[in-house]
2 protein chains.
Amino acid sequence: MIALTISEENYLKALYHLYQPDEGIGTNAIANHLNTKPASVTEMLKKLSEKKLLTYEKYQGVILTKKGYASALNVVRRHRLWEYFLVDKLNLKWDEVHDIAEQLEHIQSDVLIEKLDMYLGHPKIDPHGDPIPDKEGKMCIVNCCCMSEIKLNTKAKISGVKNHTTAFLKHLDKIELVIGKVVKIKERNEFDQSVALEINKKVLHISKDVAQNLLVEKVK
Amino acid sequence: MIALTISEENYLKALYHLYQPDEGIGTNAIANHLNTKPASVTEMLKKLSEKKLLTYEKYQGVILTKKGYASALNVVRRHRLWEYFLVDKLNLKWDEVHDIAEQLEHIQSDVLIEKLDMYLGHPKIDPHGDPIPDKEGKMCIVNCCCMSEIKLNTKAKISGVKNHTTAFLKHLDKIELVIGKVVKIKERNEFDQSVALEINKKVLHISKDVAQNLLVEKVK
DNA sequence: AATATAATTTAGTTTCACCTAAAAAAATAT
DNA sequence: ATATTTTTTTAGGTGAAACTAAATTATATT
């Protein structure tokens with residue numbers, strides 16, 4: 001594998017996250033995701049295309065190649081392992097780790113990552129409920145769906161978040177909706193799409209915005 | 001404190017390491033230390049001088065200001081804490097950690113470093129025997145001197161290395177001269193400045209180059 | 001003190017990753 | 001089908017941090 005710049009890695013990661021089946025990813029979407037401008041994206045796509053990390057044709061949207069996908073997954077792996085480390089070993093809060101992991105993910109050293117993975121005990125899921133790819137890019141399938149799509153009166157376990165912003169994560173802490181908690185969906189309001197949950201006999205009302213960003217797993 | 005670029009931090013660190021009392025540091029020395037060219041150094045010195053991190057006047061050599069010194073020490077602190085982490089927690093070998101720590105030292109997050117320091121138990125000495133500055137820049141005085149300057153028949157404990165290259169550290173591993181080992185200086189050869197050591201009744205001959213790069217502490 | 005050598009600085013380029021403004025292509029609406 | 005809007009690309013520029021080559025200043029030697 002050729003060494004990539006931090007920017008290149010960030011583009012690959014963005015493409016990984018923006019991927020939708022049967023859709024090329026647009027310049028605007030990428031620019032938006034990376035807080036940059038479409039013109040800058042076009043340039044970078046040309047470069048990455050020359051490196052065979054993605055297939056790019058003018059105006060056609062972009063798709064990662066096998067090689068590009070593997071590189072992207074590798075960045076994701078590093079990011080999630082570091083997040084796990086920060087929370088599990090250094091006791092940082094789950095809302096504090098994203099920006100730090102954004103930096104740590106770019107440290108170049110395969111040995112480091114292998115040793116870190118070993119030290120952490122080969123974790124499979126990061127603190128936000130996202131799966132951690134292994135060395136070969138394999139990761140467990142998280143059998144989850146969005147809280148706003150689940151049927152009434154089902155029991156479900158909070159298994160992850162879609163939104164990784166500090167604001168959202170802090171809000172979840174405040175209402176004590178942390179990963180692992182088991183809830184029962186009691187009511188969905190037509191008017192504002194808010195949801196009523198039952199947690200240990202108590203009722204908790206959450207807004208549509210919260211429900212839409214929560215991932216849950218059905219529980220028997 | 002203003003955020004510095006990786007390059008700026010590397011220059012400050014170089015200046016810290018190159019410091020000699022009553023001497024301005026020359027452009028050539030810096031360029032050499034950073035594997036760059038004197039012309040590039042001049043440019044950077046101007047920039048750092050504008051940021052009040054050092055005092056610079058054309059052709060006069062350069063000296064860190066209080067502010068610059070503090071920033072440099074902070075980089076050194078981060079570097080050494082990460083080295084400690086890599087060896088103590090991840091079980092990397094002491095000759096593998098330098099390049100990785102060179103990258104990790106630039107991660108920007110005060111919280112991270114405080115948590116890391118706490119997690120490691122506030123270590124005072126890194127795996128190469130160098131003192132780790134605390135948050136305020138204070139560090140313990142390592143009362144050591146060069147193996148090639150020590151008197152005959154003194155007992156001494158290996159306490160650090162001057163040379164941090166992989167080649168040197170691997171060599172030390174091979175001859176089992178690791179930090180903490182207690183030796184007695186038995187003989188110094190006029191001819192090649194090589195040194196004979198006694199370690200547990202056995203005799204070990206080390207070259208001038210090894211002796212010059214080993215730091216020792218006298219032992220009663 | 002004059003000259004040779006070494007160190008340092010200036011001037012002019014390069015590369016990377018970004019930018020703005022304008023042009024071109026594609027998608028959408030009338 | 002044409003016009004409008006949106007998306008994407010091109011063209012030209014910027015700042016950071018490096019570079020080379022040439023000029024300048026400092027130091028060392030005779």
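As the structure is a prediction and not an experimental result, all values here were calculated from the model. Order of the sequence lines sets the chain letters (A, B, ...), proteins ahead of strands, with each chain counted from 1. Because only heavy atoms are used, hydrogens play no part in the values below, and waters and symmetry mates are left out as well, while side chains stay in.
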Would you say [X] places a side-chain N or O within less than 4.0 Å of OP1 or OP2 belonging to [N]?
{"X": "K46(B)", "N": "dT10(C)", "value": "yes"}
{"X": "S40(A)", "N": "dC18(C)", "value": "no"}
{"X": "N28(A)", "N": "dT6(D)", "value": "no"}
{"X": "Y11(B)", "N": "dA18(D)", "value": "yes"}
{"X": "Y56(A)", "N": "dT8(D)", "value": "no"}

Base, sugar-phosphate, or nothing for S7(B), non-hydrogen atoms under 4.0 angstrom?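 Sugar-phosphate, backbone atoms only, no base.
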Reckon T42(B) touches a base, only the sugar-phosphate, or nothing at all at heavy-atom distances under 4.0 Å?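 If one applies the 4.0 Å heavy-atom cut-off, T42(B) turns out to touch a base.
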Could you check whether R188(B) pairs with E149(B) (Lys NZ or Arg NE/NH1/NH2 to Asp/Glu carboxylate O, under 4.0 Å)?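 Salt bridge between R188(B) and E149(B), a charged N being under 4.0 Å from a carboxylate O: no.
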Any Lys/Arg nitrogen of E102(A) or K13(A) sitting under 4.0 Å from an Asp/Glu carboxylate oxygen of the other?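 Between K13(A) and E102(A) there is a salt bridge, with a charged N closer than 4.0 Å to a carboxylate O.
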Mapping P38(A) and A39(B) to their closest nucleotides on DNA chain C, which lands nearer the 5' end?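 Residue closer to the 5' terminus by nearest nucleotide: A39(B).
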Given DNA chain C, 5'-ward residue of the pair K58(A) and Y59(B), judged by closest heavy atom: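 Residue closer to the 5' terminus by nearest nucleotide: Y59(B).
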Whole angstrom value for the distance that separates [atom2] of [N] from [atom1] of [X]:
{"X": "L45(B)", "N": "dT10(C)", "atom1": "CG", "atom2": "P", "answer": "11 Å"}
{"X": "M44(B)", "N": "dG15(D)", "atom1": "CE", "atom2": "C1'", "answer": "13 Å"}
{"X": "E57(B)", "N": "dT8(C)", "atom1": "CD", "atom2": "C1'", "answer": "15 Å"}
{"X": "E43(B)", "N": "dT15(C)", "atom1": "CD", "atom2": "C1'", "answer": "14 Å"}
{"X": "K51(B)", "N": "dG15(D)", "atom1": "NZ", "atom2": "C1'", "answer": "12 Å"}
{"X": "E9(A)", "N": "dC16(C)", "atom1": "CD", "atom2": "P", "answer": "16 Å"}
{"X": "L34(A)", "N": "dC18(C)", "atom1": "CG", "atom2": "C1'", "answer": "12 Å"}
{"X": "Q60(B)", "N": "dT8(C)", "atom1": "CD", "atom2": "P", "answer": "10 Å"}

Among L54(B), V75(B), L34(B), L53(B), find the residue that satisfies the side-chain contact (heavy atoms from CB on, under 4.5 Å) test when tested with Y11(B).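 Among the candidates, only L34(B) passes.
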Can we call the ring centroids of H128(B) and H98(B) under 6.0 Å apart?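 No - the distance between ring centres of H128(B) and H98(B) does not fall below the 6.0 Å cut-off.
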Counting only heavy atoms not in D110(A), do more than 12 sit closer than 6.0 Å to its CG atom?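 Counting other residues, nucleotides and ligands, CG of D110(A) stays at 12 neighbours or fewer.
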